[in-house]
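Below you'll find the structure, written out as structure tokens, and then a few comments.
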Amino acid sequence: DKAYSYALKTNVFIKFILLPRHEIELLKFRNEIAIHKVVSRQGFIYDKNAVIEMIDAKLFKDNLGGYLVLEWLEGKPLDKVIENYASKSIEEKVQLFHRVANALIPLSSWIIHRDLHPSNIMVLDDSFEYERLRHNAYDPKIKIIDFGESYSEYVTVVGDLDNSDLRNLKVNNSRRLTTSLYSTPPEYLKDYSFRRHSESSYTENYDSWALGLIGY
């Protein structure tokens, strides 16, 4: 939901979870908060404009829910932007795709998004001058949003989740039931049996698969 912060004097986005139906639903929200903490660190390393900014987060007592406050992004999702690209040149299409790839760079070494599709990619500036990337590759005026399905082993460092929580997130059925074409399970793409004890081995191909489809 869009809201106005009188303290910051700007619009913000607030994501709520109220009265979670089961333990996994609350665990996924805790994971999303921790993911945003990891994301914030990468924005600091690359460029303050590289990633979406987390402003605040809180979990309510007695597992009643919580909220997550993020910066408000003015722009359009990629699925709306590409509607206007049918008549554009191949160079302009490749430039847009390259901007999307650049937006993923600060995340790709630390986080697997796992739900990367055009409506989760915000384009902030339709009139972007592509030459700007020569001097600031990490500010393509595109930001990745909605980390509700994301995975990172680094959440155990920045948050209160442990390895057993990560295993519960990986094996729960809700992920499989919500899988779309853009997030086809990676076990269909590669035999991971030789790395069956690695948590990340079951997730690392989601984003490369999705990015390939977006490029196509």
Side-chain angles (χ1 to χ4, degrees), residues 1-17 27-59 66-78 96-117 120-125 128-163 165-166 169 199-200 203-204 206-208 210-211 214:
D1 293 335
K2 185 178 183 180
Y4 182 80
S5 169
Y6 288 96
L8 299 175
K9 294 182 173 57
T10 187
N11 291 322
V12 296
F13 176 81
I14 304 180
K15 185 172 186 177
F16 290 96
I17 179 173
L27 178 58
K28 288 176 66 175
F29 192 73
R30 290 171 54 207
N31 176 66
E32 186 172 5
I33 292 174
I35 287 286
H36 272 285
K37 292 180 180 178
V38 179
V39 169
S40 296
R41 287 189 175 195
Q42 305 331 306
F44 177 78
I45 292 171
Y46 287 92
D47 182 280
K48 65 179 181 179
N49 299 306
V51 298
I52 189 169
E53 177 186 0
M54 185 182 81
I55 298 169
D56 192 16
K58 183 177 181 178
L59 294 171
Y67 63 80
L68 174 63
V69 184
L70 305 170
E71 68 170 308
W72 178 262
L73 301 178
E74 293 289 351
K76 298 178 181 178
L78 183 63
L96 179 62
F97 178 74
H98 185 226
R99 288 171 60 194
V100 173
N102 278 30
L104 281 169
I105 291 174
L107 307 175
S108 57
S109 296
W110 308 86
I111 297 164
I112 302 98
H113 189 280
R114 300 205 302 175
D115 194 21
L116 190 64
H117 51 77
N120 280 341
I121 300 171
M122 288 293 293
V123 181
L124 308 183
D125 187 355
F128 183 82
E129 294 293 333
Y130 183 67
E131 287 290 326
R132 289 174 53 184
L133 291 182
R134 292 184 184 273
H135 308 291
N136 196 345
Y138 303 120
D139 187 17
K141 297 301 179 186
I142 288 182
K143 293 195 178 185
I144 310 301
I145 63 172
D146 196 351
F147 293 87
E149 296 291 348
S150 298
Y151 181 94
S152 174
E153 294 178 352
Y154 292 92
V155 297
T156 60
V157 177
V158 302
D160 61 347
L161 278 71
D162 56 30
N163 288 329
D165 292 324
L166 293 184
L169 287 168
E199 298 292 338
S200 62
T203 59
E204 60 187 12
Y206 278 104
D207 295 352
S208 56
L211 194 60
I214 291 170

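Distance alone, capped at 3.5 Å, places no donor-acceptor pair between the Lys15 side chain and the Leu68 backbone. Checking side-chain atoms of Glu71 against main-chain N and O of Glu53 turns up a donor-acceptor pair under 3.5 Å. A donor-acceptor contact shorter than 3.5 Å links the side chain of Asp207 to the backbone of His113. Checked by atom type and distance alone, the side chain of Asn31 never pairs as donor or acceptor with a backbone atom of Gly148 at under 3.5 Å. A donor-acceptor pair under 3.5 Å links the side-chain atoms of Ser152 to the main chain of Trp110, judged by distance alone. At least one donor-acceptor pair closer than 3.5 Å links the side chain of Asn102 to the backbone N or O of Ala137.
Closest heavy-atom contact between Tyr138 and Ile105: CE2-CG2, 3.6 Å. In this structure, Val51 and Pro106 approach most closely via the heavy-atom pair CG1-CB, 4.0 Å. Closest of all the heavy-atom pairs between Ile33 and Tyr67 is CD1-O, 4.3 Å. Residues Val39 and Ile111 come closest through the heavy atom pair CG2-CD1, 3.2 Å.
Arg30 contributes atom CZ, which lies 7.0 Å from atom CG of Leu59 (distance to the nearest 0.5 angstrom). Annotation: the span from Leu78 atom CG to Leu116 atom CG amounts to 9.5 Å, rounded to 0.5 Å. Lys37 contributes atom NZ, which lies 6.0 Å from atom CE of Met54 (distance to the nearest 0.5 angstrom). Taking CD1 from Ile52 and CZ from Phe147, the interatomic distance works out to 7.0 Å, rounded to the nearest 0.5 Å. Atoms CD1 and CG, on Ile145 and Asn120 in that order, are 5.0 Å from each other to the nearest 0.5 Å. Note: Asp160 CG to Asp162 CG = 8.5 Å, rounded to the nearest 0.5 Å.
We find that Glu131 and Arg134 are joined by a salt bridge, their nearest charged nitrogen and carboxylate oxygen being less than 4.0 Å apart.
Between Trp72 and Phe13, the ring planes lie tilted relative to each other; the angle falls in the 30° to 60° range.
Contact annotation: the side chain of Val158 approaches that of Arg41 to within less than 4.5 Å [non-hydrogen atoms, C-beta and beyond]. Between Ile121 and Val100, the closest side-chain pair of non-hydrogen atoms falls below 4.5 Å.
Geometrically, Arg99 does not engage Tyr130 in a cation-pi contact, judged by NZ or CZ lying under 6.0 Å from the ring centre and within 45° of the ring axis.
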Open item on the list: Run the salt bridge (charged side-chain N to carboxylate O under 4.0 Å, His left out) test on Lys141 and Asp139 for me, step by step, so that the C-alpha distance in whole Å, both residues' side-chain angles and the decisive distance to 0.1 Å come before the verdict.
Closed with: CA-CA 5 Å; Lys141 297 301 179 186; Asp139 187 17; 3.7 Å; yes
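In this structure, Lys2 places its NZ atom where more than 12 heavy-atom neighbours from other residues, nucleotides or ligands lie under 6.0 Å away.
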